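All remarks here apply to the structure that follows.
These numbers come from a predicted model, not from an experiment. Reckoned from all heavy atoms, side chains included, excluding hydrogens, waters and symmetry mates. Per chain, numbering begins at 1; letters A, B, ... match sequence-line order.
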Protein chains: 2
Amino acid sequence: MRNTEQKSVILEVLQTHKDHPTADQLYSEVRERLPRISLGTVYRNLEKMSQAGVILKLELGGGQKRFDPTPTDHAHFRCVNCSSVEDLPEDFAIDLPDISSIDGTNRIVLGNTLEYYGYCEKCAAERQLN
Amino acid sequence: MRNTEQKSVILEVLQTHKDHPTADQLYSEVRERLPRISLGTVYRNLEKMSQAGVILKLELGGGQKRFDPTPTDHAHFRCVNCSSVEDLPEDFAIDLPDISSIDGTNRIVLGNTLEYYGYCEKCAAERQLN
DNA sequence: CTATTTGCAAAGCCTTTGCGTGACT
DNA sequence: AGTCACGCAAAGGCTTTGCAAATAG
């Protein structure tokens, strides 16, 4: 994996996020620093970095892929109203059954994804008003 | 929700599945019984039935949505090679933390999705050969 | 130097939607 | 009869990809 300015700026911008932006959100932020970058480059670099384990590509419900600067194992919460995705605290992570013990089959388990969904605090508050 | 032949055939075909077909897989199977049905109708009915809680719409990793005839809560296993999705046994379901107790926030939690991924038995066996 | 990466634009894939016709209750 | 659903086809949204030029190692 070659080092390019595009790649490092994308990573830096992603790392300023506490939430989990989509590729086009990152694109528009990165463009403030690299006005000539293309959306394809953003996608290509996000893909490569997630392959390399530097970041996490999230494919949760709700359509668009999202990217997480923290590649450690943790659960996510997705708002069904505004589609935002937040991390859940680590102590929330459940001790999932031993990866190799899933029933009696010979599957090779690589990992798991735990996603909660509902209304985030902001959208929950707005719903109270109606 | 009105009763149409299209809807009941789609449901019947889905219910013959132990796995979790995509909309276009169902479309081609349903077309054997209703040759003039359109893909749009398949999508519309799957959406309605999942809204009604009759079936489950799965939005897991890997791109396409998949549909599950069993609307109860259970975990899934997705093959990263062939993209198939299987149910995991119910006794595998983890006791997830009480839905309202996720840290100290005021989120409204509606549910959760637990997905394991890796190589299914078939693809795991094929990998042994290489 | 040569292989990888970029920008651009086009294509691809899956899904949704507008419209006029037909079917359910 | 009135509304909801259908078939068709087009549009839509997100993501990937082919290509020639630029760039990293």
Under the 6.0 Å and 45° cation-pi test, does R107(B) pair with Y119(A)?
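Checked: cation-pi criterion not met.
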
Ignoring hydrogens and angles, does a donor from either the side chain of R44(A) or the base of dT6(C) sit under 3.5 Å from an acceptor on the other?
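Absent.
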
For P35(A) and T22(B), take the nucleotide of DNA chain C holding the closest heavy atom to each; which residue's nucleotide lies nearer the 5' end?
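Whichever sits nearer the 5' end wins; that is P35(A).
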
Could you walk me through whether H17(B) and D68(B) satisfy the side chain to side chain donor-acceptor pair (under 3.5 Å) test, starting with their C-alpha distance in whole Å, then the side-chain angles of each, then the deciding distance to 0.1 Å, before giving a yes or no?
CA-CA 8 Å; H17(B) 276 262; D68(B) 186 333; over 6 Å; no

Against R33(A), only a single residue in Q6(A), E5(A), E12(A) fulfils side chain to side chain donor-acceptor pair (under 3.5 Å); can you say which?
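The option that passes is E12(A).
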
Have a look at L26(B) and tell me which of L14(B), N45(B), L39(B) forms a side chain to side chain contact (heavy atoms under 4.5 Å, CB included) with it.
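Result for side chain to side chain contact (heavy atoms under 4.5 Å, CB included) with L26(B): L14(B).
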
Within the structure shown, what part of the strands sits under 4.0 Å from [X] by heavy-atom distance: base, sugar-phosphate, or nothing?
X: I37(A); value: sugar-phosphate
X: E5(B); value: nothing
X: R36(B); value: sugar-phosphate
X: D24(A); value: nothing
X: E47(B); value: nothing
X: K57(A); value: nothing

5′-ward residue of the pair G40(A)/G40(B) relative to DNA chain D:
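Its nucleotide being nearer the 5' end, the pick is G40(B).
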
Euclidean distance, atom [atom1] of residue [X] to atom [atom2] of [N] [Å, nearest integer]:
X: K65(B); N: dG13(D); atom1: NZ; atom2: P; result: 14 Å
X: Q64(B); N: dT15(D); atom1: CD; atom2: P; result: 15 Å
X: Q25(B); N: dC13(C); atom1: CD; atom2: P; result: 16 Å
X: K7(B); N: dA5(D); atom1: NZ; atom2: P; result: 6 Å
X: Y27(A); N: dT16(D); atom1: OH; atom2: C1'; result: 15 Å
X: Y43(B); N: dG7(D); atom1: OH; atom2: P; result: 16 Å
X: R2(B); N: dC4(D); atom1: CZ; atom2: C1'; result: 4 Å
X: L34(A); N: dT5(C); atom1: CG; atom2: P; result: 17 Å

According to a strict under-4.0 Å criterion, is [X] in side-chain N/O contact with OP1 or OP2 of [N]?
X: N45(B); N: dC6(D); value: yes
X: T4(B); N: dC6(D); value: yes
X: Q6(A); N: dG7(C); value: yes
X: T41(A); N: dT5(C); value: no

Q64(B) and D24(B): side chain to side chain donor-acceptor pair (under 3.5 Å), yes or no, with the steps?
CA-CA 10 Å; Q64(B) 252 159 305; D24(B) 59 292; 2.6 Å; yes

Given the rule in the side chain to side chain donor-acceptor pair (under 3.5 Å) test, do E29(B) and Q25(B) qualify, once you have shown the distances and angles that lead to the verdict?
CA-CA 6 Å; E29(B) 291 174 34; Q25(B) 282 169 9; over 6 Å; no

